[in-house]
Amino acid sequence: MERYFHPEIECAPVEKLRAMQNERLVKTVKHAYENIPYYKNLMDLKGVKPEDIQSVEDLHKLPFLTKDDLRDAYPYGLLAKPLKDVVRIQSTSGTTGRRVVAFYTQHDIDLWDECCARALMAVGATNEDVVQVSYGYGLFTGGPGLNGGSHKVGSLTLPMSSGNTERQIQFMCDLGATVLCCTPSYAAYLGESIHERGLQDQIKLKAGIFGAEAWSEEMRRDIEQKLGIKAYDIYGLTEISGPGVAFECSEQSGMHINEDHFIAEIINPETGEVLPEGEKGELVFSCITKEAFPLLRYRTRDICVLSRKKCSCGRTLIKMSKPMGRSDDMLIVKGVNVFPSQIETVLLNKGYPANYQIIVSRENNSDKLEVQVEMMPEMFSDTIREVAAKEKELVDAMKAMLGIYAKVQLVEPKSIARSEGKAVRIIDKRNLYEN
């Protein structure tokens with residue numbers, strides 16, 4: 001039986017959702033314009049006033065916000081509430097430039113917790129479940145988000161954070177965890193570790209909520225087989241509120257967006273033109289209930305598709321597909337767009353583990369693409385000739401998928417660092433040669 005946290009919202013008629021969005025959008029635009037000088041300046045430069053925005057149909061009139069805006073306005077430039085009303089920050093892991101910091105009032109946190117509670121109930125969680133939260137805590141949004149959602153559902157919450165795999169498995173067995181929340185790469189690692197220890201019979205997991213990094217359908221099937229569970233996707237980003245912006249239901253065919261809190265658009269990433277439902281493009285979000293950090297038309301850089309096709313779960317919330325890559329950090333190798341998910345699909349279809357690393361370099365002004373893949377344990381005793389044959393098989397499969405040559409190197413099992421947070425899939429060395 002399908003479970004809902006807010007059935008009156010999750011299953012509401014689309015007309016009711018749109019009316020709610022219209023009212024909240026008008027209020028949020030006015031709030032942002034009056035309380036954020038940085039954003040007022042952006043609107044004024046575009047010649048837009050709050051009264052020009054009367055409904056979702058007017059959304060296209062507003063300026064876009066980008067991560068560069070968030071960095072430029074760091075730390076308080078996009079804060080819409082006095083500090084006395086703000087109770088928490090979360091922050092991106094930020095590898096370059098200034099970090100992105102998002103602010104929350106208690107009201108913002110309560111709504112975020114409820115969004116995550118919807119995600120948990122959509123995978124079958126109740127107040128009788130034990131939810132093991134193995135996302136990182138602290139500044140990363142994964143741990144705090146699912147932790148709060150689990151509390152809202154009333155589940156026993158194990159705030160494990162990431163890492164310490166021995167303890168993760170011990171608590172999973174001893175306390176009978178039934179729902180696991182972590183990154184997909186760590187879920188795969190936990191499954192691998194459980195099998196190595198022969199503890200499959202002591203695991204009571206029934207479902208997992210995995211996000212914060214891209215993962216393929218092949219990886220989903222691999223995790224489900226290793227852990228004996230149903231694996232569900234969740235979407236969020238620190239700038240908007242972390243996990244719970246969208247979540248997967250029992251149909252496992254895309255993630256329902258919490259439309260009473262977020263308005264989604266798909267745009268052409270080159271022109272900014274809004275595209276119709278069903279077309280692939282860049283995902284843009286507007287927050288319509290946030291008090292402290294109400295981002296409007298924020299460009300996520302994630303490429304996906306939106307659909308209102310009727311869902312068997314009964315929810316009427318629009319769905320977004322799994323992100324199919326990014327408009328900003330997809331790899332362009334020899335003029336060809338390359339997404340890590342394509343490489344992952346090839347490897348998993350060939351039976352290899354989802355532990356790999358993509359290395360891009362430049363030699364003699366030409367791009368070089370290399371994929372390092374861990375051997376399966378049973379291959380470790382293969383002869384050099386057998387390993388070379390398997391590498392060639394993967395080279396051919398990569399060429400068929402990508403349209404370009406990629407060198408493939410099979411490396412020893414466990415030699416690629418396991419990730420307990422976000423997996424580092426890509427090492428792009430080309431910037432070393434730019435100067």
Side-chain angles (χ1 to χ4, degrees), residues 183-185 187-189 192 210-226 231 233 235 252-254 269-270 278-283 301-305 320-363 366-376 378-379 382 386-411 413 415-416 419 422-430:
T183 60
S185 57
Y189 181 40
E192 197 177 275
F210 308 124
E213 60 189 24
W215 54 307
S216 62
E217 288 301 314
E218 289 79 10
M219 190 170 186
R220 186 206 299 268
R221 289 193 288 271
D222 183 57
I223 291 170
E224 289 185 335
Q225 187 272 325
K226 279 180 178 171
D233 210 345
Y235 180 88
Q252 293 179 296
S253 63
E270 301 297 327
E279 289 204 25
K280 183 168 75 170
E282 182 183 336
L283 183 62
R301 302 295 181 179
D302 286 322
I303 301 295
C304 71
V305 174
M320 60 175 280
S321 66
K322 269 182 177 292
M324 303 166 180
R326 289 181 59 79
S327 65
D328 58 348
D329 65 1
M330 67 182 177
L331 287 166
I332 301 178
V333 183
K334 296 182 178 177
V336 175
N337 293 345
V338 176
F339 294 107
S341 58
Q342 295 173 299
I343 290 170
E344 184 174 291
T345 294
V346 169
L347 297 178
L348 288 166
N349 280 341
K350 293 289 185 183
Y352 289 85
N355 289 300
Y356 62 94
Q357 204 153 57
I358 302 163
I359 301 168
V360 189
S361 58
R362 183 165 292 143
E363 295 177 21
S366 178
D367 290 342
K368 302 289 183 184
L369 179 63
E370 178 180 339
V371 183
Q372 293 187 350
V373 185
E374 284 188 2
M375 300 178 187
M376 291 171 281
E378 62 270 22
M379 291 170 51
D382 286 355
E386 288 170 330
V387 169
K390 286 169 180 169
E391 287 176 339
K392 172 138 190 343
E393 181 186 25
L394 283 175
V395 166
D396 293 342
M398 296 280 183
K399 180 79 181 290
M401 171 66 82
L402 306 174
I404 59 172
Y405 170 80
K407 178 183 175 182
V408 175
Q409 181 181 5
L410 287 169
V411 298
S415 62
I416 294 176
S419 174
K422 286 193 181 186
V424 179
R425 298 291 193 205
I426 302 168
I427 299 174
D428 194 339
K429 298 180 176 179
R430 289 175 295 184

Chemist: If every non-hydrogen atom of Ile303 is compared with every non-hydrogen atom of Pro269, which pair is closest and at what distance?
Modeler: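 Minimum heavy-atom contact is CD1-CG, 4.5 Å.
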
Chemist: For a quick test of reading the model, state the closest non-hydrogen atom pair linking Ala188 to Met219 and the distance between them.
Modeler: CB-CE, 4.2 Å

Chemist: Between atom CD of Glu217 and atom CD of Glu224, what is the distance when rounded to the nearest 0.5 Å?
Modeler: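 If we round to the nearest 0.5 Å, Glu217:CD and Glu224:CD are 8.5 Å apart.
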
Chemist: So how far is it from Asp302 CG to Tyr235 OH, rounded to the nearest 0.5 Å?
Modeler: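 One gets 3.5 Å once the value is rounded to the nearest 0.5 Å.
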
Chemist: If you compare all heavy atoms of Ile358 against all heavy atoms of Ile343, which two are closest, and at what distance to 0.1 Å?
Modeler: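 In terms of heavy atoms, the two residues are closest at CD1-CD1, 3.6 Å.
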
Chemist: Rounded to the nearest 0.5 Å, what separation is found between the CZ atom of Arg425 and the CD atom of Glu213?
Modeler: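 Answer rounded to 0.5 Å: 6.0 Å.
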
Chemist: Give me the atom names and distance for the closest heavy-atom approach of Glu391 to Leu410.
Modeler: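 Where Glu391 meets Leu410 most closely, the heavy atoms are OE2-N, 2.9 Å.
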
Chemist: Just so I know, are the side chains of Leu369 and Leu402 near enough to count as touching, which here means a heavy-atom distance under 4.5 Å?
Modeler: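 Yes, their side chains come closer than 4.5 Å.
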
Chemist: Kindly compute the distance separating CZ (Arg220) from CH2 (Trp215), expressed to the nearest 0.5 Å.
Modeler: 5.0 Å

Chemist: Might you confirm whether atom NZ of Lys280 has over 12 heavy atoms from other residues, nucleotides or ligands at distances under 6.0 Å?
Modeler: no

Chemist: CG/Asp428 to CZ/Arg362 distance, rounded to the nearest 0.5 angstrom?
Modeler: 8.0 Å

Chemist: When you look at CD of Glu270, are more than 12 heavy atoms from neighbouring residues, nucleotides or ligands closer to it than 6.0 Å?
Modeler: no

Chemist: Within the 4.5 Å heavy-atom criterion, are Met376 and Tyr352 side-chain neighbours or not?
Modeler: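 Of all side-chain heavy-atom pairs linking Tyr352 with Met376, at least one is under 4.5 Å.
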
